[in-house]
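Lettering follows sequence order; numbering is per chain, from 1. Note that the structure is a prediction, hence the values are computed from the model and not measured. Computation of the quantities below employed the complete heavy-atom set of this structure, encompassing side-chain atoms and omitting hydrogens, waters and symmetry-equivalent molecules.
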Number of protein chains: 2
Amino acid sequence: MSLPHAILTALLEKPSSGLELTRRFDKSIGYFWSATHQQIYRELGRLEEAGLIRALPSEVPVRGQKKEYEVLPDGSAELARWVGERQDPKTVRDPLLLRIRAAAVVGPQGLEAELRRHVGLHRRQLETYEAIEEKDFPPGRRSDEDRLHRLVLRGGIALETFWLTWLEEALAEVGEIALPAPGAGGGAA
Amino acid sequence: MSLPHAILTALLEKPSSGLELTRRFDKSIGYFWSATHQQIYRELGRLEEAGLIRALPSEVPVRGQKKEYEVLPDGSAELARWVGERQDPKTVRDPLLLRIRAAAVVGPQGLEAELRRHVGLHRRQLETYEAIEEKDFPPGRRSDEDRLHRLVLRGGIALETFWLTWLEEALAEVGEIALPAPGAGGGAA
DNA sequence: GAAGACATGTAAAGAGTTACATGATTAT
DNA sequence: ATAATCATGTAACTCTTTACATGTCTTC
């Protein structure tokens, strides 16, 4: 139940139309909560229905016409409530870790290349984050808002760093397993 | 599309009934791919339908009777294919990071307590992993299978460590923000 | 006026969660 | 025999993903 709150946050930061939100979810907000335009439009409808946001009146609200939304007081209140809500971390579901475990029973064919590919992806993401940190958060006095935004970004940086470190270890292990004489290290198939 | 492969892996490690699988998904396998018994039973049905697994004949297969499954050659082949498949990491969706961002616009009320609670949860999980590492992977020669299992476990350990480190940083930031004179540091509501 | 970009949607299928239903076995 | 537990399953709902549909605006 986080998508509505992601949208409320984005709209409080800046009132936007559905497509503008979609674009923002492709960057900053999307770095820790991704969403497609279909999800966003549906959720905007629900939030409006629930009285948490409203469409700015001005334009004629017909299909194909831009429709901007802003957050109503009830929306802010709901978001504030949610910030302090008790909510356990999601159970882990990581396909890559699962694939390692699968490789332990059917052999690691193809796994090494895939690990290397992931290294590249995480490296690129880390570079993106680091560029943002340098650009948006130069050293010096920071507002509370800046500090929290930076905190989130540093979470992303630490997460990517974790992956890169672990992937290096994984490549070392898988590399050694792939080495032994052909026919010895293979799987059950 | 990882649940079927998680089940294939578990069944290759040891043929099991639905409930036995459920129990195993509550521990080892569940540490990186969780699933409920409803998901498992549904998926067992699909996998059997697809000819990737089969129920061991012996028992009468009526409701309330234990039914054990084993993996067929097609199932092993599918799993081996999947191990090397090209598959991008899932886009990040983390409610806690999102809540920090929300706190930047509506204020951090209640957030500090929630962060502390998460510290406790991650600390406990880390202890669980470390106990497993000590018990199942003592120093010394290890089989390929053991090495891969340990690699997965070390991923879990590093992930929990990341969270604990980041949460500490987060508590420091949120603590400093909560300090200023009442009425000054609050949100928009 | 045709093409391409902008903007908002609908439909359907896959995946996960929560609540409930039912039969079999075991212990008291 | 009754209750508790084991074991398998159904149903309904929510969230996410993918593909498609439709209308408007701008530009050449």
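- Atom CD in B:Gln39 sits roughly 5 Å away from atom P in C:dT17 (whole-Å rounding).
- As a whole-Å value, the separation of A:His37 NE2 from C:dA11 P is 14 Å.
- Taking every side-chain heavy atom of A:Lys66 into account, C:dA7 is the closest of D:dG9, C:dT10, C:dA7.
- In this structure, B:Thr22 reaches neither bases nor backbone, as no heavy-atom distance under 4.0 Å exists between it and the strands shown.
- Rounded to an integer number of Å, the gap from CZ of B:Arg42 to P of C:dA13 is 15 Å.
- Counting to the nearest Å, the C1' atom of C:dT17 and the CG atom of A:Leu3 are 17 Å from each other.
- In this structure, B:Lys90 atom NZ and D:dT16 atom P are separated by 11 Å, rounded to whole Å.
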Discussion item. Using salt bridge (charged side-chain N to carboxylate O under 4.0 Å, His left out), reason through A:Glu48 and A:Arg54 one step at a time and then give a plain yes or no.
Written reply: CA-CA 5 Å; A:Glu48 189 177 21; A:Arg54 66 161 187 176; over 6 Å; no

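- Taking only side-chain nitrogens and oxygens, A:Ser17 comes nearer than 4.0 Å to OP1 or OP2 of C:dT8.
- B:Glu85 has no carboxylate O lying under 4.0 Å from a charged side-chain N of A:Arg99, or vice versa, which leaves the two without a salt bridge.
- Of the two residues contacting DNA chain C, namely A:Leu19 and B:Trp33, the nearest-nucleotide position lying further toward the 5' end is that of A:Leu19.
- Straight-line distance from the CG atom of A:Leu56 to the C1' atom of C:dA7: 16 Å, rounded to whole Å.
- Taking 4.0 Å as the cut-off between side-chain N and carboxylate O, B:Arg117 and B:Glu114 count as a salt-bridged pair.
- For the pair A:Met1 CE and D:dT16 C1', the computed distance is 15 Å after rounding to whole Å.
- Between A:Arg93 and C:dT17, a side-chain N or O to OP1/OP2 separation shorter than 4.0 Å is present.
- Checked against D:dC6, D:dG9, D:dC20, the side chain of A:Gln38 finds its nearest nucleotide in D:dC20.
- Contact annotation: A:Tyr41 reaches the phosphate of C:dT8 (side-chain N/O to OP1 or OP2, under 4.0 Å).
- A donor-acceptor contact closer than 3.5 angstrom links the side chains of A:Gln38 and A:Thr36.
- For the residue pair A:Ser34 / B:Arg93, a side-chain donor-acceptor distance below 3.5 Å is found, with atom types taken as modelled.
- Atom-to-atom, CD of A:Glu49 to C1' of C:dG9 comes out at 16 Å; the value is rounded to the nearest Å.
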